[in-house]
Amino acid sequence: MSKSQTVKVGNHEVEISSLDKVLFPDEGVTKGDVIEYYSDIADLALPYLEDRALTFKRYPDGLKGEGFYQKHAPDYAPDWIKRVDFDKREGGSMTQLSAHAEADLVWMANNAGILVIHAPLARTDKPDHPDVMVFDLDPSEDYSDTVRKVALELKGILEERGLKSFVKTTGSRGFHICVPLRRDHDFQEMRDESRRIAKELEEHCPDATTTQHRKNKRGGKIFIDTYRNAYGQTRVAPYSLRARDGAPIACPLDWDELTSSDIHPQQYTIKNIRQRLGQKTDPWADFLKTHNRLKLTG
DNA sequence: GTCCGAC
DNA sequence: GTCGGACAACGCAAT
DNA sequence: ATTGCG
Ligand SMILES: [Mn+2]
Ligand SMILES: [Mn+2]
(Lines give C-alpha, C1' and ligand atoms only; values in the text may rest on other atoms or scores of the structure.)
(Ligands and ions follow the chains in the order given, each with its own letter.)
Protein backbone atom coordinates (compact mmCIF):
# COMPACT_ATOMS: atom_id res chain seq x y z
CA MET A 1 0.00 0.00 0.00
CA SER A 2 1.33 3.38 -0.91
CA LYS A 3 1.91 5.81 1.89
CA SER A 4 0.58 8.85 0.07
CA GLN A 5 -1.49 9.67 -2.97
CA THR A 6 -3.20 12.59 -4.64
CA VAL A 7 -6.91 12.43 -5.38
CA LYS A 8 -9.12 14.79 -7.32
CA VAL A 9 -12.17 15.88 -5.33
CA GLY A 10 -14.38 18.22 -7.30
CA ASN A 11 -12.11 20.97 -8.56
CA HIS A 12 -9.30 20.32 -6.15
CA GLU A 13 -6.37 17.98 -5.82
CA VAL A 14 -5.97 16.70 -2.30
CA GLU A 15 -3.05 14.72 -0.98
CA ILE A 16 -4.07 11.93 1.36
CA SER A 17 -1.70 9.71 3.28
CA SER A 18 -1.36 6.71 5.61
CA LEU A 19 -4.74 5.38 4.60
CA ASP A 20 -4.13 2.07 6.36
CA LYS A 21 -3.28 3.65 9.69
CA VAL A 22 -5.64 2.27 12.31
CA LEU A 23 -7.40 5.04 14.24
CA PHE A 24 -10.06 3.01 16.07
CA PRO A 25 -8.23 -0.17 17.09
CA ASP A 26 -11.24 -2.07 18.47
CA GLU A 27 -13.12 -1.74 15.20
CA GLY A 28 -10.12 -1.64 12.88
CA VAL A 29 -11.33 1.66 11.43
CA THR A 30 -8.55 3.30 9.44
CA LYS A 31 -7.66 6.80 8.35
CA GLY A 32 -8.79 5.82 4.86
CA ASP A 33 -12.20 4.88 6.31
CA VAL A 34 -12.50 8.27 8.02
CA ILE A 35 -11.63 10.16 4.85
CA GLU A 36 -14.06 8.06 2.84
CA TYR A 37 -16.77 8.68 5.43
CA TYR A 38 -16.47 12.45 5.27
CA SER A 39 -16.33 12.28 1.49
CA ASP A 40 -19.53 10.22 1.40
CA ILE A 41 -21.57 12.41 3.77
CA ALA A 42 -20.25 15.75 2.52
CA ASP A 43 -23.47 16.77 0.77
CA LEU A 44 -25.49 16.01 3.91
CA ALA A 45 -23.11 17.70 6.35
CA LEU A 46 -22.00 20.81 4.47
CA PRO A 47 -25.23 22.79 4.90
CA TYR A 48 -24.55 22.79 8.66
CA LEU A 49 -20.92 23.85 8.25
CA GLU A 50 -21.01 26.53 5.58
CA ASP A 51 -20.32 30.08 6.73
CA ARG A 52 -19.52 28.96 10.26
CA ALA A 53 -16.27 29.39 12.14
CA LEU A 54 -15.44 25.75 12.77
CA THR A 55 -13.62 24.24 15.71
CA PHE A 56 -11.97 20.87 15.26
CA LYS A 57 -10.96 18.23 17.68
CA ARG A 58 -8.22 16.08 16.18
CA TYR A 59 -6.61 12.76 17.05
CA PRO A 60 -3.77 12.26 14.54
CA ASP A 61 -2.71 9.02 16.24
CA GLY A 62 -6.20 7.72 16.77
CA LEU A 63 -8.35 7.04 19.79
CA LYS A 64 -5.45 5.87 21.92
CA GLY A 65 -3.35 8.92 21.10
CA GLU A 66 -3.54 12.52 22.20
CA GLY A 67 -6.46 14.70 21.13
CA PHE A 68 -6.54 18.48 20.92
CA TYR A 69 -8.81 21.29 19.82
CA GLN A 70 -7.91 23.55 16.94
CA LYS A 71 -9.67 26.84 16.28
CA HIS A 72 -7.13 28.90 14.36
CA ALA A 73 -6.87 28.15 10.65
CA PRO A 74 -3.44 26.62 10.07
CA ASP A 75 -1.36 28.59 7.55
CA TYR A 76 -0.65 25.41 5.64
CA ALA A 77 -4.32 24.71 4.89
CA PRO A 78 -4.94 25.06 1.13
CA ASP A 79 -6.06 28.50 0.02
CA TRP A 80 -9.26 27.13 -1.49
CA ILE A 81 -10.65 26.44 1.97
CA LYS A 82 -12.52 29.55 3.07
CA ARG A 83 -11.33 31.43 6.11
CA VAL A 84 -13.70 33.37 8.33
CA ASP A 85 -12.75 36.00 10.86
CA PHE A 86 -14.45 35.60 14.18
CA ASP A 87 -14.57 38.46 16.68
CA LYS A 88 -14.05 37.52 20.27
CA ARG A 89 -16.39 38.96 22.86
CA GLU A 90 -13.64 40.85 24.62
CA GLY A 91 -11.90 42.26 21.58
CA GLY A 92 -9.51 40.74 19.09
CA SER A 93 -10.38 38.27 16.39
CA MET A 94 -9.44 34.87 15.17
CA THR A 95 -9.21 33.38 11.68
CA GLN A 96 -10.94 30.02 11.47
CA LEU A 97 -11.81 27.58 8.70
CA SER A 98 -15.27 26.89 7.32
CA ALA A 99 -16.29 24.09 4.98
CA HIS A 100 -18.03 24.59 1.63
CA ALA A 101 -17.06 21.59 -0.48
CA GLU A 102 -16.34 17.90 -0.26
CA ALA A 103 -12.66 18.59 -0.88
CA ASP A 104 -12.55 20.75 2.25
CA LEU A 105 -13.73 17.82 4.37
CA VAL A 106 -11.34 15.41 2.67
CA TRP A 107 -8.42 17.72 3.40
CA MET A 108 -9.58 18.26 6.98
CA ALA A 109 -9.96 14.54 7.62
CA ASN A 110 -6.55 13.75 6.18
CA ASN A 111 -5.04 16.49 8.27
CA ALA A 112 -6.84 15.43 11.42
CA GLY A 113 -6.80 11.68 11.74
CA ILE A 114 -9.96 11.28 13.79
CA LEU A 115 -11.85 14.47 12.95
CA VAL A 116 -14.57 15.81 15.24
CA ILE A 117 -16.27 18.95 13.95
CA HIS A 118 -17.83 21.54 16.25
CA ALA A 119 -19.90 24.37 14.79
CA PRO A 120 -21.31 27.56 16.33
CA LEU A 121 -25.04 28.32 16.35
CA ALA A 122 -24.69 31.45 14.22
CA ARG A 123 -23.29 32.12 10.77
CA THR A 124 -20.50 34.58 10.21
CA ASP A 125 -22.63 37.24 8.52
CA LYS A 126 -24.73 37.63 11.70
CA PRO A 127 -22.60 36.15 14.44
CA ASP A 128 -24.79 37.38 17.31
CA HIS A 129 -28.06 36.13 15.79
CA PRO A 130 -28.30 32.34 16.04
CA ASP A 131 -30.17 30.35 13.42
CA VAL A 132 -30.64 27.41 15.76
CA MET A 133 -31.41 26.81 19.45
CA VAL A 134 -30.08 23.63 21.04
CA PHE A 135 -31.12 21.61 24.06
CA ASP A 136 -28.35 19.21 25.00
CA LEU A 137 -29.57 16.36 27.21
CA ASP A 138 -26.64 15.24 29.34
CA PRO A 139 -27.26 12.26 31.64
CA SER A 140 -25.15 12.25 34.78
CA GLU A 141 -24.79 8.52 34.42
CA ASP A 142 -24.81 6.38 31.31
CA TYR A 143 -27.61 6.55 28.80
CA SER A 144 -30.97 5.18 29.88
CA ASP A 145 -34.39 5.06 28.28
CA THR A 146 -35.37 8.00 30.48
CA VAL A 147 -33.32 10.25 28.22
CA ARG A 148 -35.44 9.22 25.27
CA LYS A 149 -38.66 9.92 27.19
CA VAL A 150 -37.39 13.30 28.32
CA ALA A 151 -36.53 14.17 24.73
CA LEU A 152 -40.10 13.39 23.68
CA GLU A 153 -41.46 15.49 26.54
CA LEU A 154 -39.32 18.39 25.36
CA LYS A 155 -40.60 17.92 21.83
CA GLY A 156 -44.14 18.36 23.20
CA ILE A 157 -43.28 21.50 25.14
CA LEU A 158 -41.72 23.00 22.02
CA GLU A 159 -44.79 22.10 19.97
CA GLU A 160 -47.03 23.88 22.46
CA ARG A 161 -45.02 26.97 21.67
CA GLY A 162 -45.42 26.37 17.96
CA LEU A 163 -41.78 25.35 17.57
CA LYS A 164 -40.81 22.58 15.20
CA SER A 165 -37.78 20.67 16.46
CA PHE A 166 -35.31 18.09 15.19
CA VAL A 167 -33.37 15.46 17.10
CA LYS A 168 -29.98 13.90 16.59
CA THR A 169 -27.80 11.40 18.39
CA THR A 170 -24.65 12.85 19.89
CA GLY A 171 -22.58 9.70 19.53
CA SER A 172 -22.05 9.93 23.25
CA ARG A 173 -24.64 9.64 26.06
CA GLY A 174 -27.52 11.86 25.02
CA PHE A 175 -29.42 13.62 22.28
CA HIS A 176 -29.43 17.13 20.89
CA ILE A 177 -32.84 18.69 20.29
CA CYS A 178 -32.42 21.45 17.72
CA VAL A 179 -34.85 24.24 16.82
CA PRO A 180 -34.04 26.10 13.61
CA LEU A 181 -34.74 29.81 14.00
CA ARG A 182 -35.36 32.91 12.00
CA ARG A 183 -32.53 35.16 12.99
CA ASP A 184 -34.74 37.62 14.84
CA HIS A 185 -33.12 37.51 18.25
CA ASP A 186 -29.63 37.78 19.66
CA PHE A 187 -28.00 35.15 21.83
CA GLN A 188 -29.02 36.80 25.09
CA GLU A 189 -32.70 36.73 24.19
CA MET A 190 -32.58 33.26 22.68
CA ARG A 191 -30.67 31.81 25.62
CA ASP A 192 -33.05 33.37 28.16
CA GLU A 193 -35.97 31.79 26.33
CA SER A 194 -34.21 28.43 26.12
CA ARG A 195 -33.69 28.53 29.88
CA ARG A 196 -37.38 29.20 30.47
CA ILE A 197 -38.17 26.21 28.27
CA ALA A 198 -35.64 24.09 30.17
CA LYS A 199 -37.25 25.13 33.46
CA GLU A 200 -40.63 24.06 32.13
CA LEU A 201 -39.20 20.68 31.16
CA GLU A 202 -37.67 20.38 34.61
CA GLU A 203 -41.12 21.01 36.13
CA HIS A 204 -42.65 18.32 33.92
CA CYS A 205 -39.93 15.79 34.80
CA PRO A 206 -38.65 16.80 38.26
CA ASP A 207 -37.39 13.35 39.14
CA ALA A 208 -35.53 12.79 35.89
CA THR A 209 -34.08 16.20 35.00
CA THR A 210 -32.25 19.17 36.41
CA THR A 211 -31.11 22.57 35.21
CA GLN A 212 -28.37 22.73 37.86
CA HIS A 213 -25.07 23.77 36.35
CA ARG A 214 -23.08 22.46 39.29
CA LYS A 215 -22.43 18.75 38.91
CA ASN A 216 -22.63 18.04 42.61
CA LYS A 217 -26.16 19.48 42.71
CA ARG A 218 -27.52 17.38 39.87
CA GLY A 219 -28.37 14.34 41.97
CA GLY A 220 -27.75 11.85 39.18
CA LYS A 221 -30.39 13.46 36.97
CA ILE A 222 -30.30 14.43 33.31
CA PHE A 223 -28.82 17.90 32.91
CA ILE A 224 -30.78 20.04 30.44
CA ASP A 225 -27.83 21.94 29.01
CA THR A 226 -28.71 25.30 27.46
CA TYR A 227 -25.16 26.61 27.65
CA ARG A 228 -24.55 25.89 24.00
CA ASN A 229 -26.90 28.79 23.31
CA ALA A 230 -24.28 31.50 23.62
CA TYR A 231 -22.06 33.62 21.44
CA GLY A 232 -19.09 31.74 20.07
CA GLN A 233 -20.11 28.48 21.74
CA THR A 234 -20.17 25.36 19.62
CA ARG A 235 -21.85 21.98 19.49
CA VAL A 236 -20.91 18.78 17.76
CA ALA A 237 -22.06 19.26 14.19
CA PRO A 238 -24.57 16.96 12.48
CA TYR A 239 -22.76 13.98 10.91
CA SER A 240 -19.56 14.60 12.84
CA LEU A 241 -17.63 11.51 13.79
CA ARG A 242 -16.93 11.15 17.53
CA ALA A 243 -13.66 10.01 19.08
CA ARG A 244 -15.15 7.19 21.12
CA ASP A 245 -15.14 3.42 21.03
CA GLY A 246 -17.31 2.17 18.20
CA ALA A 247 -16.62 5.21 15.99
CA PRO A 248 -20.09 6.69 16.55
CA ILE A 249 -21.60 9.54 14.59
CA ALA A 250 -23.74 12.51 15.65
CA CYS A 251 -26.62 11.42 13.48
CA PRO A 252 -29.83 13.29 12.58
CA LEU A 253 -32.94 11.22 13.34
CA ASP A 254 -36.65 11.29 12.68
CA TRP A 255 -38.68 11.90 15.81
CA ASP A 256 -40.40 8.59 15.00
CA GLU A 257 -37.17 6.83 15.80
CA LEU A 258 -37.50 7.94 19.43
CA THR A 259 -40.80 6.10 19.83
CA SER A 260 -38.87 2.85 20.22
CA SER A 261 -36.59 2.13 23.15
CA ASP A 262 -34.22 0.49 20.67
CA ILE A 263 -32.67 3.86 19.92
CA HIS A 264 -29.31 4.76 21.48
CA PRO A 265 -27.07 7.85 21.23
CA GLN A 266 -24.33 5.63 19.80
CA GLN A 267 -26.66 3.74 17.49
CA TYR A 268 -25.07 5.00 14.29
CA THR A 269 -21.41 4.52 13.54
CA ILE A 270 -18.97 4.83 10.71
CA LYS A 271 -19.58 1.13 10.07
CA ASN A 272 -23.37 1.14 9.79
CA ILE A 273 -24.19 4.66 8.63
CA ARG A 274 -24.10 3.78 4.94
CA GLN A 275 -26.81 1.22 5.28
CA ARG A 276 -28.95 3.84 7.02
CA LEU A 277 -28.27 6.48 4.40
CA GLY A 278 -29.03 4.02 1.65
CA GLN A 279 -32.47 3.10 2.94
CA LYS A 280 -33.71 6.26 4.63
CA THR A 281 -34.43 9.67 3.21
CA ASP A 282 -32.71 12.55 4.99
CA PRO A 283 -34.60 12.88 8.31
CA TRP A 284 -33.59 16.53 8.50
CA ALA A 285 -34.60 17.38 4.94
CA ASP A 286 -36.90 20.09 6.34
CA PHE A 287 -34.39 21.51 8.79
CA LEU A 288 -32.95 24.09 6.43
CA LYS A 289 -36.43 25.11 5.28
CA THR A 290 -37.72 25.62 8.82
CA HIS A 291 -37.37 29.07 10.35
CA ASN A 292 -39.21 29.07 13.65
CA ARG A 293 -40.19 32.44 15.06
CA LEU A 294 -39.18 32.36 18.66
CA LYS A 295 -41.63 34.18 20.91
CA LEU A 296 -40.01 35.66 23.97
CA THR A 297 -42.07 34.98 27.08
CA GLY A 298 -39.92 36.85 29.55
C1' DG B 1 -0.52 15.51 10.86
C1' DT B 2 2.37 19.31 10.39
C1' DC B 3 5.16 23.11 11.79
C1' DC B 4 8.94 25.01 14.21
C1' DG B 5 12.54 25.85 17.27
C1' DA B 6 16.08 23.53 20.11
C1' DC B 7 19.59 20.16 20.57
C1' DG C 1 18.72 15.02 11.28
C1' DT C 2 15.91 14.24 15.11
C1' DC C 3 13.09 15.41 19.11
C1' DG C 4 9.44 17.38 21.55
C1' DG C 5 5.86 20.81 22.17
C1' DA C 6 1.99 23.15 20.26
C1' DC C 7 -2.15 22.87 17.99
C1' DA C 8 -8.79 26.81 22.36
C1' DA C 9 -9.58 30.30 25.38
C1' DC C 10 -14.98 30.92 25.69
C1' DG C 11 -18.87 32.46 27.68
C1' DC C 12 -21.65 32.15 31.07
C1' DA C 13 -23.85 31.76 36.04
C1' DA C 14 -23.03 31.41 40.52
C1' DT C 15 -20.11 32.75 44.34
C1' DA D 1 -12.39 38.41 40.51
C1' DT D 2 -12.61 33.56 40.60
C1' DT D 3 -14.57 29.04 39.79
C1' DG D 4 -17.19 25.25 37.69
C1' DC D 5 -18.76 23.70 33.63
C1' DG D 6 -19.27 22.32 28.87
MN1 LIG E 1 -24.10 16.61 25.53
MN1 LIG F 1 -23.54 19.51 27.39
Side-chain angles (χ1 to χ4, degrees), chain A residues 3-5 14-23 30-32 34-35 38 52-78 81 84-97 105-122 127-128 130 133-140 170-176 186-196 198-199 210-218 221-237 240 242-243 250:
Chain A
K3 181 168 141 24
S4 185
Q5 61 187 269
V14 187
E15 178 154 307
I16 56 179
S17 60
S18 308
L19 301 185
D20 294 328
K21 181 173 183 173
V22 175
L23 298 179
T30 64
K31 186 162 176 252
V34 171
I35 293 168
Y38 275 106
R52 291 176 206 267
L54 300 178
T55 297
F56 307 104
K57 194 163 190 195
R58 300 171 45 195
Y59 296 75
D61 295 318
L63 204 47
K64 300 286 156 63
E66 186 195 352
F68 56 90
Y69 287 92
Q70 183 158 18
K71 300 194 110 157
H72 292 270
D75 288 337
Y76 60 83
I81 299 181
V84 298
D85 287 319
F86 195 85
D87 291 328
K88 300 186 233 174
R89 257 288 173 251
E90 306 258 339
S93 79
M94 204 169 15
T95 302
Q96 294 174 246
L97 295 179
L105 292 176
V106 169
W107 183 87
M108 289 165 181
N110 180 70
N111 181 237
I114 299 176
L115 173 64
V116 184
I117 303 177
H118 297 257
L121 276 41
D128 202 30
M133 173 169 66
V134 175
F135 297 87
D136 172 21
L137 300 183
D138 284 341
S140 300
T170 61
S172 180
R173 301 196 314 198
F175 300 106
H176 285 177
D186 63 19
F187 271 108
Q188 182 71 61
E189 297 166 325
M190 184 274 271
R191 178 174 58 259
D192 289 349
E193 194 59 32
S194 76
R195 297 186 74 193
R196 287 189 283 270
K199 283 282 182 201
T210 176
T211 55
Q212 287 293 323
H213 194 213
R214 295 286 273 273
K215 272 185 165 177
N216 60 12
K217 298 194 74 181
R218 289 186 197 162
K221 297 173 185 174
I222 299 161
F223 175 47
I224 309 161
D225 182 0
T226 52
Y227 285 75
R228 303 351 295 161
N229 297 323
Y231 180 87
Q233 295 298 99
T234 63
R235 53 143 180 173
V236 171
S240 175
R242 303 305 305 273

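Residue numbers begin at 1 in each chain, while the letters A, B, ... track the order of the sequences.
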Between A:D128 and A:R89, is a salt bridge (Lys or Arg N to Asp or Glu O under 4.0 Å) present by the stated rule, with each step listed?
-> CA-CA 10 Å; A:D128 202 30; A:R89 257 288 173 251; 3.0 Å; yes
Verify side chain to side chain donor-acceptor pair (under 3.5 Å) between A:T211 and A:K199, making sure each step is shown before the conclusion.
-> CA-CA 7 Å; A:T211 55; A:K199 283 282 182 201; 3.1 Å; yes
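Closest to the side chain of A:R214, from the set C:dC12, C:dA9, C:dT15, is C:dT15.
Taking the charged nitrogens against the carboxylate oxygens, A:D61 and A:K64 have no contact shorter than 4.0 Å, which rules out a salt bridge. A salt bridge does not link A:K3 to A:D20: none of the charged side-chain nitrogens sits closer than 4.0 Å to a carboxylate oxygen.
A nucleotide of DNA chain B counts as in contact with chain A when one of its atoms lies under 4.0 Å from a heavy atom; the first and last such, 5' to 3', are B:dG1 to B:dC3.
Regarding A:D138, its CG atom lies at a distance of 13 Å from the P atom of D:dC5, rounded to whole Å. In this structure, A:Q233 places its CD atom 12 Å from P of D:dG6, rounding to the nearest Å. Between the CZ atom of A:F56 and the P atom of C:dA6 there is a distance of 22 Å, rounded to whole Å. If you measure from atom CZ of A:F68 to atom C1' of C:dA6, you get 8 Å, rounded to the nearest angstrom. As rounded to whole Å, 11 Å separates atom C1' of C:dA9 from atom CD of A:Q96. One interatomic measurement links the two molecules: CZ of A:R58 to C1' of C:dA6, which rounds to 11 Å at whole-angstrom precision. One interatomic measurement links the two molecules: NZ of A:K215 to P of C:dA13, which rounds to 20 Å at whole-angstrom precision. Following rounding to the nearest Å, A:E90 (CD) and D:dA1 (C1') show an atom-to-atom distance of 13 Å.
Among all heavy-atom pairs drawn from A:L137 and A:P139, the shortest one is O-CD, 3.4 Å.
The shortest side-chain heavy-atom distance between A:K31 and A:S17 falls under the 4.5 Å cut-off.
Within 4.0 Å (heavy atoms only), A:N110 reaches sugar-phosphate atoms of the nucleic acid but no base atom. When heavy atoms are screened at a 4.0 angstrom cut-off, A:R195 is found touching the sugar-phosphate backbone but no base atom. Using a 4.0 Å heavy-atom cutoff across all strands shown, A:K21 reaches sugar-phosphate atoms only and no base atom. In this structure, A:Y69 reaches the bases: a heavy-atom distance under 4.0 Å links it to at least one base atom across the strands shown. As judged by a 4.0 angstrom heavy-atom cut-off over every strand, A:K57 is placed among residues making no nucleic acid contact.
Note: A:F86 and A:Y231 meet the aromatic proximity criterion, with ring centroids under 6.0 Å apart.
Here A:K71 does not reach the OP1 or OP2 of C:dC7: none of its side-chain N or O atoms lies under 4.0 Å away. Between A:R191 and C:dA13 there is a side-chain polar atom (N or O) within less than 4.0 angstrom of OP1 or OP2. Taking side-chain N and O atoms only, A:H118 has no distance below 4.0 Å to OP1 or OP2 of D:dG6.
With sequence neighbours excluded, the residues forming a side-chain hydrogen bond (donor to acceptor under 3.5 Å, both in side chains) with A:T95 are A:D85, listed by chain and number.
Across the interface with DNA chain B, nearest-nucleotide mapping of A:A112 and A:D75 shows A:A112 to be the residue nearer the 5′ end.
The C1' atoms of B:dT2 and C:dC10 are separated by 26 Å, rounded to the nearest whole Å. Between D:dC5 and C:dA9, the distance separating the two C1' atoms is 14 Å to the nearest Å.
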